[in-house]
Protein chains: 2
Amino acid sequence: MVTIPKEDYIKAVFTISFNGNGKVSTKDISEKLEVSNAATSEMARKLSLQGLINYEKYKGISLTAKGEKLALKILRRHRLWELFLIQILGLSWSEVHDQAERLEHHTTEFLIDKIDEHLGFPEFDPHGHPIPRKNGQLPKQPEVTALSEAKIGSSYKLVCVKDESKELMDYLTSIGLQLHTEIRLINKLSFDDSVFVQINKKQISFSKKIADKLSVSVIKN
Amino acid sequence: MVTIPKEDYIKAVFTISFNGNGKVSTKDISEKLEVSNAATSEMARKLSLQGLINYEKYKGISLTAKGEKLALKILRRHRLWELFLIQILGLSWSEVHDQAERLEHHTTEFLIDKIDEHLGFPEFDPHGHPIPRKNGQLPKQPEVTALSEAKIGSSYKLVCVKDESKELMDYLTSIGLQLHTEIRLINKLSFDDSVFVQINKKQISFSKKIADKLSVSVIKN
DNA sequence: CTACAAAGTTAGGGTTACTTAACTTATTTG
DNA sequence: CAAATAAGTTAAGTAACCCTAACTTTGTAG
Ligand SMILES: [Mn+2]
Ligand SMILES: [Mn+2]
Ligand SMILES: [Mn+2]
Ligand SMILES: [Mn+2]
């Protein structure tokens, strides 16, 4: 049986290894899901028995083919709900993630396909993440850099926000930064790796922690 | 804390006492939720401690004001979702109940208000049940009789189906019977209390069990 | 009014998912 | 490479919610 917590662990393994590479640590999962390491260890044992993850004690976790298939299904539900909530029901950027976090576990394939169709088979969610298709394929994202690695003087557009906390979303909204907004990199401070950018004619600075989360693609070099 | 099972118990108390009258029995709740009497007894103790129901051992259950307020909120979520799934996403009459049964527990007031607005503040759900308004008020239903109690020779229209099992919904759909469809009562058999009716020029018979579930209002006497 | 059946409750136990505390393994660093 | 620290696991226990079995209360039929 795949319960709701199990779905959350599987999704966590996928998203953590999607950015990083290969094996996922117990620690990272525990932090993401805000549970103890003990809980993650215990769950790893069970998911491994179910054939959803590869798990060798002390050696880290990776998804099996079966686990990955499941992860993609959950992400599909999550991301389609997010887009639906924004586009059809008018929720805001900062609200949709938490809602989708719950709805994703209670949506049949039939219903999510209807939502997909209603939205015209979109490829990206409101944060710029690719939406897995019905067949499990992931739309290819454009070539991106982290804003923290961008070149001084170049212009970019925001393609993906790799964090979905309400606080960050609200902040970005408040400064007028949305997906596809143009960002020009003015300067970097090597003291703390913060960046200075121009957005809608206003100059703004981001800490490295924020700049790391903003994936951008080049418009003008 | 109000958990999902607790919401289901509270809703069950409300809907059972809405048709019947006054106190609700442990038995009826257990049957509705498909759990043992023991589970219901145990839950009654807890809900009573929380001030959601009035409960005296062996004497039956009723909602407190606080419990009723909660029940109406849950019904609002359930019924708005049902209508939304049919009207906006094109699910069928027989599918929406089970979907809504799950979504109802994962919908914030903010989201359900958006859905309400999107649908134009409807008063009745796809089965003809009144949708509680944001303030907790229940729209008044038209004067209805059970089809099993209707008068031979009179014409009626279907106003409410008091059961939402997939099987019944599919059957009604298959014979072309929808909400607001005209039904003329041709005859009754006192042998088994079955009824003979005309729907869309076709003659059909219903067992008493089905006829009891069909609420109709008079068109022509 | 008694006795029997139906309804309701309590006791004891199972499952899932979580916690903290104690312990083990792996990694880093002087 | 040894010692210290970080990461990971196991053990023991808790909270919900459910079950079956045993028991108690209530309502009814004779
Ligand atoms: Mn999200
Ligand atoms: Mn329903
Ligand atoms: Mn439910
Ligand atoms: Mn309904």
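The sequence lines fix the lettering, A, B, ..., with proteins before strands; numbering per chain opens at 1. Quick caveat: nothing in here was measured; it's all calculated off a predicted structure.
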Salt bridge or not between A/E104 and A/K11? Use side-chain N to carboxylate O under 4.0 Å. yes
Below 4.0 angstrom from OP1 or OP2 of D/dA16, is there any side-chain N or O of B/Y9? no
Does B/S41 put a side-chain nitrogen or oxygen below 4.0 Å from OP1 or OP2 of C/dG8? no
Within this structure, what is the CG-to-C1' distance between B/N37 and C/dA6, rounded to whole angstrom? 10 Å
From NZ of A/K46 over to P of C/dC18, roughly how many Å is that when rounded to an integer? 8 Å
Give the rounded distance in Å between these two atoms: CD1 of A/I4 and C1' of C/dA17. 12 Å
Rounded to whole Å, CG of B/L47 lies from P of C/dT9 at a distance of 13 Å
Between CD1 of A/I61 and P of D/dG8 the distance, given in whole Å, is 8 Å
Candidates C/dC18, C/dT20, D/dC19 - which lies nearest the side chain of B/S36: D/dC19
How do A/T3 and A/Y58 order along DNA chain C: which one's closest nucleotide is nearer the 5' end? A/T3
What distance do B/L80 atom CG and B/E117 atom CD have between them, rounded to the nearest 0.5 Å? 12.0 Å
Has A/K27 got a side-chain N or O lying under 4.0 Å from the OP1 or OP2 atom of D/dA7? yes
Separation of atom CE in B/M43 from atom C1' in D/dC18, rounded to whole Å: 10 Å
So what does B/A44 touch, heavy atoms closer than 4.0 Å: a base, only the sugar-phosphate, or nothing? nothing
From A/R76, A/K134, A/R77, A/K114, residue fulfilling side-chain hydrogen bond (donor to acceptor under 3.5 Å, both in side chains) relative to A/E109: A/K134
Just to confirm, is there a sub-4.0 Å distance from OP1 or OP2 of D/dA7 to any side-chain nitrogen or oxygen of A/K57? no
Compare side-chain N and O positions of A/Y55 against OP1 and OP2 of D/dT9 and report whether any pair is under 4.0 Å apart. yes
Under-4.0 Å side-chain N/O to phosphate OP1/OP2 contact, B/T26 with C/dT9: yes
Out of D/dC17, C/dC18, C/dT20, which nucleotide sits closest to the side chain of A/A38? C/dT20
Using a heavy-atom cut-off of 4.0 Å across all strands, would you classify B/S25 as base, sugar-phosphate, or nothing? sugar-phosphate
One pair to check against side-chain contact (heavy atoms from CB on, under 4.5 Å): B/L72 and B/F14. What are the steps and the verdict? CA-CA 8 Å; B/L72 287 165; B/F14 185 95; 3.8 Å; yes
Contact class for B/A39 vs. all strands (heavy atom < 4.0 Å): base, sugar-phosphate, or nothing? sugar-phosphate
Close aromatic pair by centroid cut-off 6.0 Å: A/H78 and A/H97: yes
Taking CD from A/E34 and C1' from C/dT20, how many angstroms apart are they, rounded to a whole number? 18 Å
Could you tell me how far apart A/E42 (CD) and C/dC23 (C1') are, to the nearest whole angstrom? 16 Å
